[in-house]
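Reviewing the structure listed below.
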Amino acid sequence: MRLSPKLVSLSVLALLALVAPMFFPSGFYYRIGALIFINGLAVTGLVILIGYAGQISLGHAGFAGIGAYACALAPVHLGLPPALAVVLGAALSAGLAWVVGRPILKLQGYYLAVATLGLGILISMVLTNESQWTRGPDGISVPDLGLRGVLADMGWRLTAGQFWYWFSALVLFIGAWLALNLHDSPTGRALRALHGSEVAARTVGVDVARLKLNAFVISAVYASVSGSLLAMMNRFVTPEIAGFMHSVEMVVMAVLGGVGSVLGAIFGAAILTALPQALTMFHEYEKLLLGAVMILVMIFLREGLLPSILRRFRGKEE
Amino acid sequence: MSLLQVEGVGIAFGGIKAVDDVSFAVKPGEIVSVIGPNGAGKTTLFNMISGIYLPGAGRVMLDGQDVTGLAPHRLAERGLSRTFQNLQIFQAMSVLDNAMAGHHLRERSSVLADLLGLPASRRRTRATRASALQLLERVGLTRAAFREASALSYGALKRLEIARALALEPRILLLDEPAAGCNAVETEEIDRLIAEIAAAGTAILLVEHDMKLVMRISGHIVVLDHGVKIAEGDPAKVSRDPKVIAAYLGTDAAAASREEGADADG
Ligand SMILES: Nc1ncnc2c1ncn2[C@@H]1O[C@H](COP(=O)(O)OP(=O)(O)OP(=O)(O)O)[C@@H](O)[C@H]1O
Ligand SMILES: [Mg+2]
């Protein structure tokens, strides 16, 4: 019997998250783990947009920015509990993606890349310039989620690092589960079909514009929640979270690991999150090395790291 | 009443008329072929009928309703489905997934149910999978079901496109050179398949260069040359038409018509 890819991916993810802490030399590593999961969440959203539907976005950090600043501002100005601020941020991101996605997703390839890039830059400019609300480029503090305190009251005491590790692992697990459900569903098939051939997808009845918009909105929500988590973990956020570099980072993580598969993309997020930490000793060469790794992957392992590695293993079996 | 009615359609690219004032009709369950030399405008005509190009002139009527300029997915909803001369396969998907994708309109699923993997969504996928496997069996691709589509031979991909188009349960099916690049055995298969589909009540509009195939299965033939309809009628009439023979001079239509003449003599 064949195990379903969904079950395998989710088991691997859960197992790694559960086992990894046994090898952490210090508490600091929980934070890196959490960072991997939070980036993995945004990247999982991009798997739906880029990997399934074949549409590029170079502006998704903008939605992370919206999610982050919702958590910074809504509790203070609207008196919302932080958990609801996450929901508000996601709703705002979804709404914006829906409104902007309509005209933008008519574009293809490079044009779509440039248009989404513009969207991201616009959001980051608003966050930078509306300083009476956002305090501008210096950044702003973010209220605590409060869940850790609740857990402590229940007798489950965790350090901040531990809490964010387990909490973001849980959120990523849910996000991966949703994305994997989608893959083999009617909607997922239609998305992958329009990726393969837009004209053929249309002739089998796929409303291409509507489906692209769905993928864009869903991936925006992933990015938004990822931004919310990042801001709440750091208790601080600057407009850089919405910046171009962050958008590019997300796409590169997804493509590096293998944008067609959820597990692959998360693997990419893990490598590109962990590597700079390991490379801090070569600080000056960090970007250089990353660039070199990326070029090599694109030349030799175009499907991304994980699918290429798996294929090689399967090739040996046959 | 005719199922599909094409009324004086035409289109020009950069001032050059690719199709000019073409009219014909297809009745339910009928096999109509469009033939003509390379570049005659057959594929362009298909693209206008299936909503991929907007005709510069004329109308396309489906079931007596004007469907000119309707988007392809709207035409699919009305029972028109097609295959492509230059394969349009979902390459990165499995053969089964390709056939399943053809069921899109019958699934009517909500994004939320699909994300959450609700029982209703999974039930639909199971039903689709069962139907897709049946279609693959019908076109002889059962054994390839779990392979990646890009690994299949050209002839197999042609049949996969037919399976995908059949998944819509169309009332009219447009086939653009389904036997091109196929060997004799595969052509025989496709011949049989087309006859079966028509026998089950689906009208077929066929573009095909294999004249033997066309003459054998068509009830009605439309001949295009340089975008203009130069002849129309049943196979016997068309194959004797001097204009048709002239347009095809030296190609296999002339050969086919000679053969037919020989058959009649013998
Ligand atoms: N999108 C387009 N832009 C410009 N010219 C086009 C376009 N589509 C078709 N043509 C031209 O229209 C004419 C008819 O082409 P079409 O593909 O319809 O011919 P065909 O009868 O299908 O030929 P074949 O038997 O080779 O498939 C050709 O001269 C072609 O170059
Ligand atoms: Mg053609």
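The shown structure was predicted, so the numbers you read here are calculated from the model rather than taken from an experiment. Naming: A, B, ... by sequence-line order, numbering from 1 per chain.
Looking only at heavy-atom pairs under 4.5 Å with chain A, the residue among B:Met100, B:Arg82, B:Gln91, B:Glu77 that has the most is B:Met100.
Between atom CG of residue A:Asp184 and atom OG1 of residue B:Thr128 there is a gap of 12.0 Å, rounded to the nearest 0.5 Å. We find the CG-CH2 distance between B:Leu116 and A:Trp177 to be 5.5 Å, quoted to the nearest 0.5 Å. Rounded to the nearest 0.5 Å, atoms OG1 (A:Thr203) and NE2 (B:His73) are 12.0 Å apart.
Of the atoms belonging to B:Leu115, heavy atoms from both backbone and side chain fall under 4.5 Å from chain A. Proximity to chain B (any heavy atom under 4.5 Å) is restricted, for A:Leu211, to the side chain, taken from C-beta onward. The contact between A:Asn214 and chain B is made entirely by side chain atoms (from C-beta outward), counting heavy-atom distances below 4.5 Å. For B:Ala101, the parts sitting under 4.5 Å from any heavy atom of chain A are the backbone and the side chain alike. Neither the backbone nor the side chain of A:Leu180 has a heavy atom closer than 4.5 Å to any heavy atom of chain B.
Listed for the A:Asn181 side chain is no donor-acceptor partner under 3.5 Å among the backbone atoms of B:Asp114.
The shortest heavy-atom contact between B:His104 and A:Val204 is CB-O, 4.0 Å. Contact detail for B:Arg124 and A:Pro186: the closest heavy-atom pair is CB-CG, 4.4 Å. In terms of heavy atoms, A:Ser197 sits closest to B:Ile89 at CB-O, 4.3 Å.
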inquiry  = Pair B:Asp97, A:Arg189 - check salt bridge (charged side-chain N to carboxylate O under 4.0 Å, His left out), show working.
reply    = CA-CA 7 Å; B:Asp97 273 351; A:Arg189 271 192 299 280; 5.1 Å; no

